[in-house]
Each structure stands twice: as C-alpha cells, then as structure tokens.
K.L.:
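I am attaching a structure below and will ask some questions about it afterwards.
Small disclaimer: the values here were computed from a predicted structure and weren't measured. Within every chain, numbering begins at 1; the chains are lettered A, B, ... in the order of the sequence lines, protein sequences first and strands thereafter.
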Amino acid sequence: MPDATAAPARKAPRIRVNRSALVMAAYLIFLMLPLYWLLNMSLKTNAEILGDFTLFPRNLTFQNYVTIFTDPAWYMGYVNSLIYVVMNTVISLAVALPAAYAFSRYHFMGDKHLFFWLLTNRMAPPAVFALPFFQLYSSVGLFDTHIAVALAHCLFNVPLAVWILEGFMRGVPKEIDETAYIDGYGFGAFFVKIFMPLIASGIGVAAFFCFMFSWVELLLSRTLTTVDAKPIAAIMTRTQGASGIDWGLLAAAGILTIIPGALVIWFVRNYIAKGFALGRV
Amino acid sequence: MNKTLNNKAWFLVLPVLVLVAFSAVIPLMTVVNYSVQDTFGNNQFFWAGLEWFEEMLHEDRMWNALRRQLIFSAVILAIEVPLGVFVALNMPKSGAWSSFCLVTMSLPLLIPWNVVGTIWQIFGRVDIGLLGHTLAAMGIDYNYTQDTIAAWVTIIVMDVWHWTSLVALLAFAGLKSIPDAYYQAARIDQASRWKVFRYIELPKMAGVLMIAILLRFMDSFMIYTEPFVVTGGGPGNATTLLSIDLVKMALGQFDLGPAAAFSLMYFLVILAISWVFYTVMTNLDKKGM
Amino acid sequence: MAWMAWTWPTAIFFLVIAGLLAVFTVLAIKFPETPRVGILRTETTRGDRLFITLLGSAFINLAWLGLIGPETQPWALAVCLVYAAAVFRWV
Amino acid sequence: MTLELRGVSRIVEGQLHVHPTDLVLEKGTMNVLLGPTLSGKTSLMRLMAGLDVPSVGQVIWQGKDVTGMRVQDRGVAMVYQQFINYPSMTVYDNIASPMRLLGLSKPEIDRRVRETAELMKLDGMLERRPLELSGGQQQRCALARALVKDAGLVLLDEPLANLDYKLREELRVEIPKIFEAAGSIFVYATTEPEEALLLGGNVATLWEGRVTQFGPTPRVYRCPADATTARVFSDPPMNFLAVAKTGASLAFGEGQQLPAPEALAELPDGRYMAGFRANHLEIRQHRPEALRFTAGLAVTELTGSETFVHLDHHGDRWVGLIHGVHDLEMARASMSGSTRAMSTSSARTGRWWRRPPTRRPPEEDRTMARITLDNLAHSYQSNPQTEDDYALKELNHVWEDGAAYALLGSSGCGKSTLLNIISGLLQPSQGRILFDDRDVTHAATAERNIAQVFQFPVVYDTMTVHDNLAFPLRNRGRDEAYVAERVGEIARMIGMEHMLKRKARGLTADAKQKISLGRGMVRKDVNALLFDEPLTVIDPHMKWELRTQLKKLHHEFGHTMIYVTHDQTEALTFADKVVVMYDGRVVQIGTPEELFERPEHTFVGYFIGSPGMNLLPAEVEGNVAHVHGAAVPLGRGYGPLSGKVELGIRPEFARLSRDEGLPVQIRRVEDVGRHKIIRTELFGQEFNVIAGEDETVGADMARVAFDPAHVNVYADGWRVAGAA
C-alpha cells in the first residue's frame with residue numbers, strides 16, 4: 001500500500017489516523033457498553049443486582065449459567081432454536097441456489113416481476129402473516145413443530161438468499177459457464193463441480209444471513225410454537241416469576257443467545273460487508 | 001452482463017416459486033378473505049363487505065400508529081445514515097484492526113431482537129441499569145415506562161445501537177470498492193478532504209447507501225419485537241408502532257376482520273415502497289454502480 | 001381449506017387477477033414486450049404498467065372508501081379504469 | 001469437414017447484432033474475424049459455437065444441420081479474451097477436464113495432458129492453480145484446454161488482447177504453428193489488422209454486424225472490396241483522396257492529371273475516392289511515375305527503423321510510414337503518394353517542411369523541472385538483504401527539462417514503481433529525488449506540482465466535463481475567468497468542446513480517458529506530466545488519434561512528460577528518449593534510433609523491434625566473427641572478449657541471398673502487408689529476416705547475409721563497443 005509507506009513522513013495524516021481511532025473507539029464502546037452490562041449482570045446474584053449498584057460483579061457467580069444448562073426446559077429452547085434455524089438455512093439455500101443462477105444468467109419471461117415479488121416478501125412485515133400462518137400450520141397439523149417455523153422463516157430468508165447469491169453470481173464471468181458447457185459439462189455437473197466452489201464465499205454469506213435472520217426472529221417462531229418447538233427467545237419471558245423477574249438468569253440467557261451468532265460471524269468476517277450489500281459491491 | 005434469453009430458466013426458479021407461494025400467497029389470500037368477513041370464533045364467518053376497511057380508515061387508531069411509525073422511521077434514518085457513513089469513513093481499511101472492527105460492529109446485528117429489547121430494558125432502568133442509573137445520578141429525570149419522551153429516546157437510541165452498524169458496513173463496502181487511483185488523482189488535483197468525500201466517496205457509495213436507506217426504512221417500518229419488549233407500546237399508546245398495533249389487534253384481541261383489513265392496507269403501503277425501492281435499485285444497477 | 005374462509009366475491013377477485021396475469025402472459029408471448037420510458041422517467045414494460053395500475057387502483061378504492069363512502073364504491077372502479085387507461089398510455 | 005453458415009442472422013431485443021451472413025470455412029484453415037469492438041465478431045463466433053441460436057438461418061457442420069444443438073454435443077473448443085480457467089482445479093485437472101468428460105482412459109489422458117502442457121510450456125506448473133500463474137501462463141492453460149480436446153472447430157476470441165505486447169507477439173508466432181498440425185478449423189477474432197496479417201489464412205472483415213469481405217488475408221489486405229473494409233483492415237489508418245475520372249484520365253485534388261490505368265478503363269466517369277496505405281506514401285520521389293502532393297506536417301513519430309508522418313492535406317488527415325529515420329525539422333522533403341491500386345506517377349518538386357517550433361510561452365506561471373534521480377532504489381520489503389529484494393535497483397539519472405520520456409518494459413519490471421516514486425505516491429527506500437535543485441523525496445504529491453494520467457480513466461462521475469477539467473484549477477483558487485478560458489482551450493484540444501455540459505458519467509471509456517488527459521494538461525504550472533499506460537482501454541483506431549494528440553501537446557507546451565508502457569510502438573513513437581527497464585533495472589536510455597541500432601543489452605534487442613533481434617553464438621577475433629565455423633565480417637574491430645559472446649543482428653539488417661553469407665533453411669514466409677517476415681533456421685536455430693513488400697523470396701535463396709555495420713557484438717548480454 002503506497003499510503004502506508006507514505007504516511008509516516010508527514011504530520012497531517014498521523015493526526016487523522018488518531019482521530020479515526022478515537023471515533024472508532026467511541027463507537028465501539030457505545031456498542032459494547034450495553035453488552036458488557038448484560039454480561040456483568042449475568043455473573044451476579046439477584047441480590048447483588050438489586051442491591052448496591054456495582055460496575056463489576058463483587059461475588060462472581062456462574063449459578064445462572066448452571067441453572068440454564070441443567071434445566072431441560074431452558075436448554076431445550078436452544079436446541080429447538082438451533083434445529084429450526086439449521087433446517088431453514090438448508091432449505092433456503094437449496095431452493096435459492098438454482099433460482100439465483102437463473103436470475104443471474106438468463107432472461108426469461110417475467111423474470112423482473114418475479115424478482116420483485118420475491119423482494120416484497122423480504123419487505124413484508126411478519127405481523128401481517130402471523131395470524132394466517134397460525135391458521136395454516138394448524139390446519140395441516142404442523143403447528144408446534146420445527147419444520148413449521150423453518151418454513152415460515154423461508155418467507156423472508158429465501159428472497160434474501162436469492163438476492164445475495166445473485167449478487168455474488170453476477171461477479172463470476174459468464175464465460176466460465178460457457179467454457180464448461182463447451183468442454184462437455186452438463187448443467188448439474190458444472191453447477192456442483194465448478195460453479196459452487198467459485199461462489200463458496202457467497203454461499204457462506206447467504207447461509208450466515210439465513211442463520212442470523214432466523215435466529216433473531218421472534219414473532220413468527222413464538223406464534224407457531226407452544227411447547228415442543230419453543231425457541232429460546234420465547235422461553236426467556238418465563239423469568240417473570242411470582243417473586244418478580246429473575247434478572248441474573250435473564251441476562252445469562254441473553255448472553256447465551258449472542259454466542260452462536262458471534263461464532264459464525266468469525267467465518268464470514270472478510271465477506272460480511274459485501275454480504276450486507278447483498279453481494280453488490 | 002448481457003444475459004441470454006432462456007425460458008427454461010423457469011424450471012430453476014420453480015422450487016422457490018412453490019415454497020414462497022406456500023408461505024406467502026396462501027396466507028395473503030387468507031388475509032383478504034378475513035378482511036371482508038366477521039367471525040365469532042369456531043370458524044364461523046359472516047359476510048361484512050368493506051365494513052372493516054371503512055372502520056379502519058375512519059378510526060384514529062390506524063392513522064395514529066401510521067403517524068408514529070413515519071416519525072420513528074424518519075428519525076432513525078436521519079440519525080443512522082449520516083452516523084453510519086461517518087463511522088465507515090473512520091474505519092481502518094485493512095489489517096487485523098479492520099477485522100476486529102467488522103466483527104465487533106456486526107455483533108448487535110446478530111442478537112435476537114427480543115434480547116436487544118431486553119438489553120435496553122435493563123440498561124435503561126434506573127434501579128439496575130447503567131444508563132438509567134447514570135442519568136439519575138446526573139439529576140436527569142428519566143423513566144421510559146412513564147415518560148413519553150424518555151420512551152421515544154430509548155427506543156430510538158436502541159435502534160441506532162442495533163442498526164447503525166448495518167449502514168456503516170454497507171458504506172464501508174462501498175468505500176473499499178473505490179480504486180486507489182481515485183485518491184491519488186485527488187491528491188494530485190489538490191482536492192480538499194471535503195471534496196474527496198463529496199466527489200469521489202459519496203458518488204461511489206450512492207449505490208450501497210441506497211440499499212442501506214431502503215433496507216433500514218423497510219425494516220424500521222415493520223419493527224415489532226424490540227420496542228415491544230422495552231415499552232410494550234406505552235406509556236399509553238405513545239410508542240405503539242404499526243406492527244405492535246397490528247399484533248395487539250390480531251393475536252391479542254383476536255379481531256380477525258379489522259386486523260386483516262389493517263394488514264392489507266399496511267401491506268399495500270409496503271408494496272408501493274418496495275416498488276420504488278426496486279425501481280431505484282435496478283436503475284442504479286443499469287448505470288453500473 | 002375451510003380455515004381460509006373463502007367467499008365468492010374474494011374468489012372472483014382472485015380469479016380476475018389470475019385471469020389478468022394469464023392474459024398478459026399470453027400477450028407477452030405473442031407480442032414480445034419492448035420497454036419504453038414514460039413520464040416516470042424509468043423504463044416500463046407492459047407488465048410493469050399492469051402492476052402500477054393494480055397497485056394504484058387499490059389506493060384509489062381505499063381513498064374513495066375513506067373520503068366518500070362505500071355506497072358509491074362502483075364509481076371508484078370507473079375512476080380506476082380511467083387511471084388504467086392513463087397508465088397504459090403515458091407511463 | 002466444413003462449417004457453413006447459411007443466411008444466419010441474429011436479432012436481440014429488436015436490435016440486429018448479426019446481419020444475414022453466408023460463410024463457408026474449410027477444414028484445416030485459419031480464419032480471422034477482424035473488426036473494431038462491437039462490430040459483431042463475438043456474436044458471430046457464438047453462433048458458430050452454438051452458444052447462441054441464430055434468429056434466422058442454419059449452421060451446417062460436416063453437412064449436418066446443427067442449428068439449435070446443445071453446445072455440449074457440438075465438439076467445439078473456445079478460448080476467451082479473459083483468462084478463463086476453472087479456478088478451483090489445478091492446471092493439470094483443467095487441461096484434463098474435457099477429456100475426462102469424453103470418457104478417455106486415465107493413461108491416455110495423462111499422456112495427452114503432459115504432451116500439451118509441454119507444447120504450451122506449462123510442464124513445470126501442472127500442480128498449481130490457474131490464479132497463481134501470470135496472465136500469459138493462464139492464457140496458455142486455456143489454450144491447452146482448447147487444444148487437448150481435438151475439436152473440429154476451435155474458436156479464439158481475442159485470446160491475446162489482455163497480454164503484454166511482447167508476450168502477445170511471441171504467442172502470435174506460436175499459435176499458427178501449434179494449430180497447423182491439428183487440422184481443425186480455426187476462427188480467431190481480433191481488433192488488430194497487424195495480428196490478422198501475422199496469422200495469415202483467411203480473413204473476414206466486420207463492420208456493424210456485417211461481414212464486408214471474406215477471402216485470403218493478403219488478398220483482402222491488398223484489394224479491399226470497399227472503403228469500409230479498407231478502413232477496418234488498416235493500421236495506421238488508410239489515407240483517402242478525392243479523384244474524378246473523365247474519359248481516359250484521372251484528376252486529383254490539386255489538378256494533377258494521370259492517364260487512367262488499364263484496370264480502371266471500364267469505370268464510368270464520375271467522382272471517386274482513392275485510398276492508399278501509409279507505407280505507399282514517400283517523402284522522396286522513389287520512382288519516376290510517383291505523383292506529388294503538397295501537405296502540411298502535423299507530427300512525426302520515430303520508431304527506430306521507421307518514421308510516421310502525420311499530414312494534413314486540405315483537411316484530410318494522412319499518415320505516412322516511411323522507411324528509415326527522418327528528422328523532418330529542416331530536411332528537404334518532397335512527398336510522393338503512389339497508390340498501388342492506381343499506380344500513379346507524377347513529376348517531382350521539392351518543398352520545405354518544418355516541424356512546428358517547440359513553443360515556450362513566456363508566462364510566469366509556467367514552471368518545468370529537471371528531474372534528478374540520485375542513488376534511487378526501492379524495495380517493498382522493510383529490510384531488503386540481497387539485490388533481488390529490490391523492486392527498483394539503484395538508479396542515477398537526470399531527466400531533462402521539457403523532454404518526453406517513455407518507460408518501457410514488461411509487467412513487473414519496476415516501471416510503475418519508478419513512476420510512483422516520481423509522483424510521490426511512494427517513498428523510495430533509498431536515495432533522493434530532486435526537481436531542479438529542490439529535494440522532494442519526502443514532499444507530498446500535491447507539493448510536487450505534477451499531473452498524472454492513470455491506466456483506467458479517473459473522472460469525477462457526478463461532475464460535468466467542464467467541472468472535471470476545471471477541478472485542479474479551482475482547487476488552487478484560480479479565478480473563474482481564467483478557469484473558463486483554460487477549460488475552453490483544453491476542451492478544444494481534446495475535441496470535447498461540444499460536450500462540456502454533459503455529466504462525465506455514462507461517457508465511453510475513451511472519452512473519459514480524454515478528460516483525464518485534459519485534466520492533466522489544464523494546469524500550466526506543472527513540473528511534469530506522468531502517464532501510466534494511458535491507452536490500455538482505448539480501441540486500436542483511437543490509440544493513433546490520442547497518441548498523436550499527446551505528441552502534439554508536447555510540442556506545443558513543452559512539458560516534461562514521462563510515459564509508462566509495455567508497448568514498444570507507443571514508447572518509441574511518443575518519446576524523445578526511451579528508458580528500457582528489465583527486472584528492476586534500467587538497461588538502456590536512448591533515442592528510438594539508438595535503441596534500434598545499438599541495443600546496449602540483448603534484452604533491449606529482443607524487446608524492441610518485432611520480431612526482436614536475432615542472436616547468434618559466435619567467436620570474435622578482430623573484425624571477423626566465426627559462427628559455427630563460418631566467417632562473418634564485422635563493421636568494427638574487437639579485442640579479446642570474455643564470457644558468452646553473441647552476435648546481435650536485427651531482422652531488418654539481414655537479407656536472403658543466393659550465393660553470399662551463411663546457409664539457412666526457410667521455414668515460413670509471413671506476408672504482413674507492408675513487409676514480409678521470413679522465419680528461417682540457421683545452424684538449427686531460429687533466425688528471422690525481414691524483406692520488403694515487393695521482394696520475392698525464391699526457393700533457391702538458401703543463404704543469409706548481414707550488413708556488417710549493423711552487426712552488434714555482445715559479451716554476457718552487454719554490448720561491446722569495439723573500435724572502428
């Protein structure tokens with residue numbers, strides 16, 4: 001980088017670098033403070049939370065986490081969430097891959113309208129669909145199953161996956177496809193053997209976004225489940241007991257919901273900006 | 001990219017079509033059916049005509065929710081977009097620091113929405129929250145469950161906390177796509193920092209910023225969980241946004257007819273905005289941005 | 001299907017829309033669409049104009065219902081037809 | 001085995017991409033599609049491959065109608081302009097993949113992969129992935145994949161367009177050789193007339209989706225069917241002249257008369273357009289019947305062995321390509337146009353020409369600088385140990401004020417590094433750089449008062465053309481009146497006055513590049529103007545125009561100019577002095593003539609000239625060299641030499657003969673239009689000879705003789721001066 005070697009010689013850029021660092025530090029602190037507070041609370045006992053106001057736990061305790069990991073009613077929430085999230089991610093990608101390829105490579109009748117219609121589903125408020133979904137899945141006997149939530153989340157995740165994958169695919173030159181066809185590859189063999197490795201990062205990003213949006217959504221997953229497939233986010237409301245809210249437990253559960261996302265984000269960190277731009281940068 | 005005409009491509013789209021038809025068209029048709037009928041449970045329906053639509057159009061309830069919704073969306077856009085661009089401009093361009101910033105900034109985006117609500121609900125409480133406690137210690141009267149302004153400030157700050165990173169990441173992606181030659185040319189032309197931003201960075205970011213603005217607008221327009229967890233729509237109805245109102249009506253009071261009419265009108269607005277979004281996006285794509 | 005609570009008016013409504021889509025698909029096969037730039041200053045095809053018409057009609061009907069009342073609702077449909085003609089002519 | 005297109009045309013969204021075309025390509029032929037960008041070459045090729053289906057007409061392959069057949073079943077091979085390989089596979093798997101799909105046995109595949117890899121010089125990198133290779137190697141891999149399949153039809157879509165000039169030249173020689181053996185039909189698309197001539201075979205010229213002529217390449221070149229074909233198939237551009245035929249005589253613009261030649265006797269009377277090529281324009285009366293015209297001289301460009309003259313003949317722009325180096329500043333020159341088609345003749349008159357004087361306007365804000373590179377070197381590593389760690393090796397040089405320099409070398413030779421050090425975008429790891437006497441080594445770019453034009457057009461998209469040009473001036477706080485005046489001047493110069501009010505976004509690449517050039521030029525007070533391969537994105541036809549414009553600007557304003565390129569023609573024609581770089585080192589700085597006649601290093605001999613200098617291992621004693629026992633007279637005497645001794649002889653200074661010189665075997669004769677390239681073998685070694693357009697090469701010419709004055713002697717790669 002020319003800039004890197006040029007910078008130390010002059011004074012002005014150094015001041016700018018410092019200012020940038022300052023801005024970033026302030027912004028990151030703003031982002032981290034509420035998270036720190038949650039972590040802080042999850043490591044305190046209820047007595048300490050409600051007692052003196054302290055910036056860090058005086059009596060460090062892991063009791064809140066222990067409670068969650070030993071009570072099936074708690075940890076099954078995580079299992080349920082993970083099951084439907086993974087199901088949803090797999091379904092979304094499986095149907096979105098061929099569709100995104102079609103959108104990125106071909107003109108066909110009504111392609112633009114179809115793409116737009118998919119888009120509207122990404123934009124549609126889940127609140128509009130909550131009630132009919134409830135009726136629909138009840139009538140086909142899928143109510144309170146993981147697949148019901150997984151399918152419901154396809155409403156916004158499939159359009160999103162198509163959109164992101166299409167963006168990544170258009171970055172691959174069409175000539176590669178044609179070369180493969182000329183070489184004698186059929187569509188299927190070409191798609192799996194040559195094309196998928198090329199857009200591996202795009203698939204990763206799309207999977208990440210499906211995972212994330214399915215993981216964070218509450219309204220539909222809560223509406224469609226009661227007991228067997230109840231997600232962790234819905235179970236968290238249980239902390240409201242007769243003796244008031246169990247703050248420590250609530251905070252610990254909250255911290256645990258952040259962890260899966262933080263883990264997957266590490267794998268796509270280099271593509272995350274491009275992913276948020278729907279592959280269009 | 002010049003695409004080839006091939007109507008067989010429909011077969012590739014078919015799975016998506018079936019799946020989304022199942023999860024979008026059928027429910028939407030159902031909403032239309034409900035909107036013209038009245039029910040007292042047990043799947044007993046009575047024809048009601050356009051009654052619910054008329055009722056909703058004449059009641060203040062929907063208009064107030066819409067007004068609050070528009071204010072909310074406008075305010076968060078006005079804060080998040082400039083702030084996001086500002087943060088993006090200050091982000092390190094490469095190296096471990098850059099990765100660290102990217103990951104840290106993405107964290108709020110990955111938190112389940114009700115947990116976001118919970119975090120701020122706790123954070124803002126005067127008795128146990130850092131923010132509420134600090135403000136109280138500074139002598140500021142702050143109570144988001146009682147005071148309308150405090151409630152609004154809380155949900156707006158929460159949304160800024162939650163989503164500004166999205167705008168920043170998008171803007172950052174746009175910035176990174178600017179070739180070095182542009183900056184070099186600007187240095188040679190002796191362009192000021194402001195002019196570099198105005199004539200190089202901003203035009204190159206325009207495409208992604210448009211995506212950011214419209215995504216943020218749409219997502220804020222259907223926001224439900226986070227403000228609901230924090231304020232429950234209160235105090236009174238002060239923070240009852242469109243989705244909160246709709247869910248209250250549909251699932252809380254089980255008023256199927258009015259809720260369906262409300263839903264449809266809500267959806268029509270979304271449809272119109274989506275269309276503008278799509279048209280602008282495709283036009284930008286055509287210009288090669 | 002019972003839970004979907006079908007009624008004849010809504011069924012006819014959806015059939016009309018499905019019919020319109022079918023007609024425009026056939027038209028698109030018979031007479032391929034060529035985009036043009038109209039008063040919206042963006043390229044539109046026949047399909048786009050149909051969409052603009054339908055969406056606009058929905059708003060026209062709602063406005064009529066809200067401002068004038070349901071008794072004269074059929075007149076709103078007449079306004080919609082005028083609007084449709086305008087869209088297909090100028091957009 | 002033939003490929004036939006019967007009335008094939010293609011219409012996409014109401015736009016005609018390919019006009020109805022009939023074309024028959026025979027087995028074992030090389031067919032070149034020649035035309036500018038977007039003339040329909042690729043569209044036609046895609047129809048041949050079966051990637052697109054024609055709207056009308058049929059494609060017949062070996063007597064069978066294959067219109068609409070799946071491309072997988074067509075048995076064709078194709079190579080694109082972009083280096084298209086499967087990035088996730090190794091080179092070996094890339095080459096093997098078409099054969100695996102054909103179901104060949106493993107040993108068979110292995111044998112053929114290795115064979116082809118050797119042919120394409122890829123044997124060392126079979127286990128690497130394509131993206132780890134250089135551009136040339138990537139394209140070789142793609143070629144290998146096309147070749148290995150034994151397809152009956154091989155399509156090459158500008159396969160060399162994205163490669164360095166010299167690499168392109170080498171592959172261009174290899175491709176016909178490699179494919180000659182295959183016996184398939186080859187179709188090769190290109191924008192460059194010279195490439196078409198080098199490839200030989202047949203050529204189809206295309207213009208706006210229409211094949212204007214199809215036939216053997218030299219015939220199409222010599223007898224273009226219409227003016228469009230002539231224009232497409234000429235580089236430098238064809239010159240045109242109005243003629244009128246009345247009875248048995250032809251009348252030219254200035255009243256010159258000429259009896260109409262036999263070939264034109266049947267032509268009805270009327271007004272016509274005569275066309276003649278640049279190399280048929282001479283500045284001296286070269287034969288008695290040549291016709292004389294008077295024209296104004298705009299620019300001359302020297303390539304070392306030839307001179308381009310750009311003339312203005314009553315508003316017509318003519319280009320002449322004249323053998324030898326002619327400094328036309330005060331030379332007595334008469335120009336005679338002899339158009340082959342009409343075999344004109346005329347009397348002679350002399351005429352004085354003068355190069356427009358290099359104007360140095362006496363304005364106060366005009367500053368230029370002598371640039372001194374003192375002990376300069378650069379390494380991208382923080383702690384360079386050996387010399388190999390340096391991207392730019394130690395360099396001492398003074399760049400004269402007001403001269404035009406070209407930095408010439410292949411990719412990665414350090415020329416861009418040097419340019420960036422001068423412009424201040426990079427800080428050298430050692431040494432100083434001075435503008436006049438001021439040390440600017442650590443000065444910021446903006447303080448150096450330079451202008452730079454980049455490889456890809458850098459324009460401010462949202463501004464108008466006017467604002468783009470005004471930007472550097474406004475940033476320096478010039479008043480608007482001055483800005484408007486300067487912008488007007490520059491816009492006139494780059495020919496964009498009529499679009500000053502347009503937004504820069506949406507302009508074509510060459511219009512944008514012109515704006516970049518204009519923005520570089522708009523300030524009068526720049527110390528130097530730097531160009532970093534500015535013509536990369538420009539179509540060949542436009543390159544001529546922009547280059548001459550630059551040259552003209554240099555004459556008018558006299559800025560110090562530094563021009564980086566890998567294209568020798570660009571470098572030689574543009575610069576007063578060319579700096580040849582190789583592996584981070586400057587190997588020679590000299591005028592085009594010096595580089596051509598006395599290359600200081602064998603690399604310079606190889607790199608400059610096409611084909612490059614021939615090298616022969618020899619023993620030198622006094623003024624005689626012994627090559628495999630045969631004596632070769634030298635123009636100078638040499639003392640005892642150590643190391644590897646070679647003779648360097650330019651193809652231009654060797655000639656075939658029946659009875660004198662060394663024995664050779666002729667391998668190929670390539671008719672390149674204005675001259676012939678004869679590829680021969682001399683003591684088992686490749687040896688190229690260039691012969692004139694009209695010279696005949698007899699089968700009995702089995703010897704080659706050299707001009708002793710132009711034989712250079714090299715020891716360990718460096719030229720030995722010798723004594724007269």
K.L.:
For D/Y380, look at atom OH and say whether over 12 heavy atoms of other residues, nucleotides or ligands are found less than 6.0 Å away.
P.N.:
yes

K.L.:
Can you check whether D/G40's main-chain N or O pairs, donor with acceptor, with D/H17's side chain at less than 3.5 Å?
P.N.:
no

K.L.:
Would you mind checking which part of D/V459 comes under 4.5 Å of any heavy atom in chain B, side chain (CB onward), backbone (N, CA, C, O), both or neither?
P.N.:
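Contact with chain B involves the backbone of D/V459 alone.
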
K.L.:
Taking every heavy-atom pair that is under 4.5 Å apart, which of B/P179, B/A186, B/A191 has the most such pairs with chain D?
P.N.:
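Of the candidates given, the most pairs with chain D belong to B/A191.
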
K.L.:
Would you sort out whether D/D157 and D/R46 count as a salt bridge (charged side-chain N to carboxylate O under 4.0 Å, His left out), showing the intermediate values?
P.N.:
CA-CA 10 Å; D/D157 191 0; D/R46 294 174 62 84; over 6 Å; no

K.L.:
Where does D/D52 contact chain B at under 4.5 Å (heavy atoms): side chain, backbone, both or neither?
P.N.:
side chain

K.L.:
For the CG atom on D/L38, are there more than 12 heavy atoms of other groups (residues, nucleotides or ligands in this structure) within a distance under 6.0 Å?
P.N.:
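Open: at most 12 neighbouring heavy atoms sit under 6.0 Å from CG of D/L38.
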
K.L.:
Counting heavy-atom pairs under 4.5 Å to chain B, which of D/V453, D/D461, D/I450 comes out on top?
P.N.:
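Result: the option with the highest number of such pairs is D/I450.
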
K.L.:
Is D/R523 close to chain B through its backbone or its side chain, or both, or neither, when contacts mean heavy atoms under 4.5 Å?
P.N.:
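D/R523 touches chain B through side-chain heavy atoms alone.
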
K.L.:
When you measure from the side chain of D/R448 to the backbone of D/V440, do you find a donor-acceptor pair of N or O atoms at a distance under 3.5 Å?
P.N.:
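Yes, the answer is positive, given that a donor and an acceptor are paired below the 3.5 Å cut-off.
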
